[in-house]
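Each ligand, and each atom within it, is numbered from 1 in the order the structure gives. Computed from a prediction, not measured in an experiment: that's the story for all the values here. Positions are given from 1, in the same order as the sequence printed here.
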Amino acid sequence: MSRLVVVSNRLADPRKPAAGGLVVALGEVLNQTGGLWMGWSGNVLEGGAPGEGELHLRQAGAVTLATIDLCREDHHSYYHGYSNSVLWPVFHYRLDLADFNAHYIAGYRRVNQMFARKLLPLLRADDIIWIHDYHLIPLAAELRALGCRQRIGFFLHVPVPPPLIMAAIPQHEWLMRSLFAYDLVGLQSEADVVHFKHYVHTEGRAEKLGDQHVRAFGATVLVQAFPIGIDVDEFSRLTRASDAVETCARLRAEYSRRRLLLGIDRLDYSKGLPQRVRAFRELLERYPENCASATLVMIAAPTRDNVHAYTDLRQELEGLCGAVNGDYGELDWMPLRYIHRMVARKRVPGLCRAAAVGLVTPLRDGMNLVAKEYVVAQDPQDPGVLVLSRFAGAAEQLDEALLVNPYDTQAMADSMQRALQMPLVERQERHSKLMERIRTHDVHWWRRSFLSALQAAND
Ligand code: F6P
């Protein structure tokens with residue numbers, strides 16, 4: 001059987017809890033298959049020449065971890081710069097927040113070339129290579145330039161924007177052309193596939209658009225949606241474990257006569273956090289029976305705080321949260337609990353189970369696995385209600401959630417109220433349908449379907 005080689009910018013760091021669904025999902029995939037996992041070590045070295053990071057190899061069970069340090073300059077231009085100040089905002093439709101600094105692209109190319117150089121000698125002839133996310137789009141092209149012949153698949157965890165938004169990136173054609181060095185490109189949703197094909201058709205002068213094969217830039221690539229899932233059995237086990245049970249019991253005791261609404265996100269502008277706070281404020285205003293009885297718990301984990309857009313967002317959000325508490329709070333009730341720290345993963349299911357309403361309301365999101373985790377953590381006899389943005393990739397699969405437009409403050413407040421008031425039978429029916437979909441499309445289904453499509457590609 002072929003060995004699986006996974007490459008992602010971020011990989012599991014035993015010293016730190018995982019932020020973001022990618023690391024958790026890939027950890028679960030590699031636990032099943034074993035193999036090699038290459039990525040950035042998380043270290044930023046003060047000295048060191050750009051493009052010359054040191055490679056460290058270590059064994060973690062059946063997985064070989066190959067990590068590369070970044071020097072300060074590479075971290076600045078590749079990670080904070082091109083990846084998170086150009087690709088991240090544009091792929092999330094936020095041209096207003098993009099910083100098209102012409103120096104970033106050199107760092108992005110240099111780090112991708114370095115990953116290719118470091119990976120090549122570790123490869124075996126029959127390896128299957130699976131590269132992840134927007135940090136590493138040109139990696140297959142760099143590997144091919146060095147003579148790599150193995151099958152290479154790519155999965156993009158973030159959305160594909162419509163062509164006229166993509167075209168704002170000065171190097172958009174080069175980026176999209178790079179994707180044709182892969183044998184298979186996996187996207188989160190059908191909407192992403194439509195945008196990809198539309199781009200290739202209008203900007204890439206596609207020679208032929210088949211059902212799944214796309215021919216352009218003199219090459220053919222297979223493009224399909226593979227919506228990522230969670231490890232349902234593992235998350236259910238975490239839900240039954242003592243840390244989660246205690247967390248849930250403690251919250252229920254503390255908020256005994258109150259209903260909790262919960263959001264767990266990275267503090268990212270794609271997550272619609274200010275919009276959520278405004279909608280919660282509207283809920284208190286329009287439905288005052290919730291005053292003193294509803295509490296919004298917002299966990300917004302720190303992320304990329306060297307990028308300006310994130311520091312600005314933090315200020316805005318903290319101002320809004322403070323104003324809600326100042327305007328509506330009582331001596332014995334604060335409407336909003338805002339926590340700017342990461343919560344330990346083992347506590348997440350307990351938090352979800354204690355909350356009557358799970359709020360996953362991004363302005364744009366590739367998938368959003370918290371939506372799936374919230375559903376799995378519920379008690380099927382008395383489940384909470386998921387309020388989900390129609391702009392999250394998860395909405396294509398989870399249409400029994402209450403789907404909302406996060407830009408519409410009043411409608412979102414109405415949905416929060418509807419969720420708080422929903423009768424038990426309706427909650428049970430919606431929950432069991434959501435569970436079925438999440439279980440049949442779990443992370444193992446995702447891995448199996450992607451890897452079998454990759455095996456079959458170009459046969
Ligand atoms: O899921 C999208 C993603 O950008 C992943 O690639 C990433 O690991 C995660 O969000 C968290 O972001 P970061 O790695 O920048 O902390």
Side-chain angles (χ1 to χ4, degrees), residues 6-13 15-30 37-44 65 67-68 70 74-94 97-98 104 107-108 111-112 115 130-137 139 154-161 186-189 192 226-230 264-271 273 299-311 313-314 340-343 345 360 362-373 391-394 443 446:
V6 167
V7 192
S8 58
N9 172 64
R10 184 75 70 180
L11 41 62
D13 181 345
R15 295 160 302 181
K16 289 193 206 134
L22 176 146
V23 162
V24 174
L26 294 184
E28 267 142 12
V29 162
L30 281 155
W37 190 359
M38 179 187 244
W40 170 38
S41 63
N43 297 329
V44 181
L65 294 174
T67 60
I68 305 178
L70 293 180
D74 284 347
H75 181 247
H76 171 72
S77 53
Y78 150 79
Y79 175 72
H80 281 312
Y82 203 75
S83 298
N84 288 319
S85 301
V86 177
L87 299 182
W88 179 272
V90 174
F91 283 21
H92 289 86
Y93 302 22
R94 293 300 301 268
L97 296 179
Y104 294 156
Y108 184 74
V111 171
N112 272 273
F115 268 58
W130 193 3
I131 295 171
H132 291 263
D133 232 356
Y134 55 100
H135 315 82
L136 300 173
I137 291 173
L139 183 52
F154 178 74
F155 188 79
L156 185 68
H157 291 252
V158 299
V160 178
L187 304 172
Q188 294 276 27
S189 69
D192 296 323
F226 299 91
I228 192 170
I230 63 170
I264 304 179
D265 303 88
R266 287 183 303 106
L267 205 163
D268 194 294
Y269 49 79
S270 63
K271 304 293 181 185
L273 304 179
I299 296 170
T303 182
R304 306 175 193 164
D305 36 21
N306 288 339
V307 177
H308 287 309
Y310 289 76
T311 29
L313 172 70
R314 181 174 174 192
H340 182 49
R341 280 193 308 281
M342 190 177 283
V343 6
R345 182 144 181 86
V360 177
L363 304 180
R364 193 74 188 103
D365 213 332
M367 174 54 60
N368 201 304
L369 294 178
V370 176
K372 297 185 176 181
E373 291 175 349
F391 305 125
V443 75
W446 175 70

query: Does Arg314 pair with Asp305 as a salt bridge, N-O distance under 4.0 Å?
result: no
With sequence neighbours left out, the residues meeting side-chain hydrogen bond (donor to acceptor under 3.5 Å, both in side chains) with Trp37 are Ser8
Contacts of Ser83 meeting side-chain contact (heavy atoms from CB on, under 4.5 Å) (sequence neighbours excluded), chain-then-number -> Tyr78, Tyr108, Tyr134, His135
- Query: With a 4.0 Å cut-off on heavy atoms, does Asp133 reach ligand 1?
  - Reply: yes
Report task. Please confirm whether Arg10 comes within less than 3.5 Å of ligand 1 when only nitrogen or oxygen atoms on both sides are compared. Result -> yes
Note: ligand 1 atoms sitting under 4.0 Å from heavy atoms of His135 are 6 (O)
Taking only non-hydrogen atoms of Tyr134 and a 4.0 Å limit, the atoms of ligand 1 in range are 4 (O)
Q) Would you say Val158 and His92 make side-chain contact, with heavy atoms under 4.5 Å? A) yes
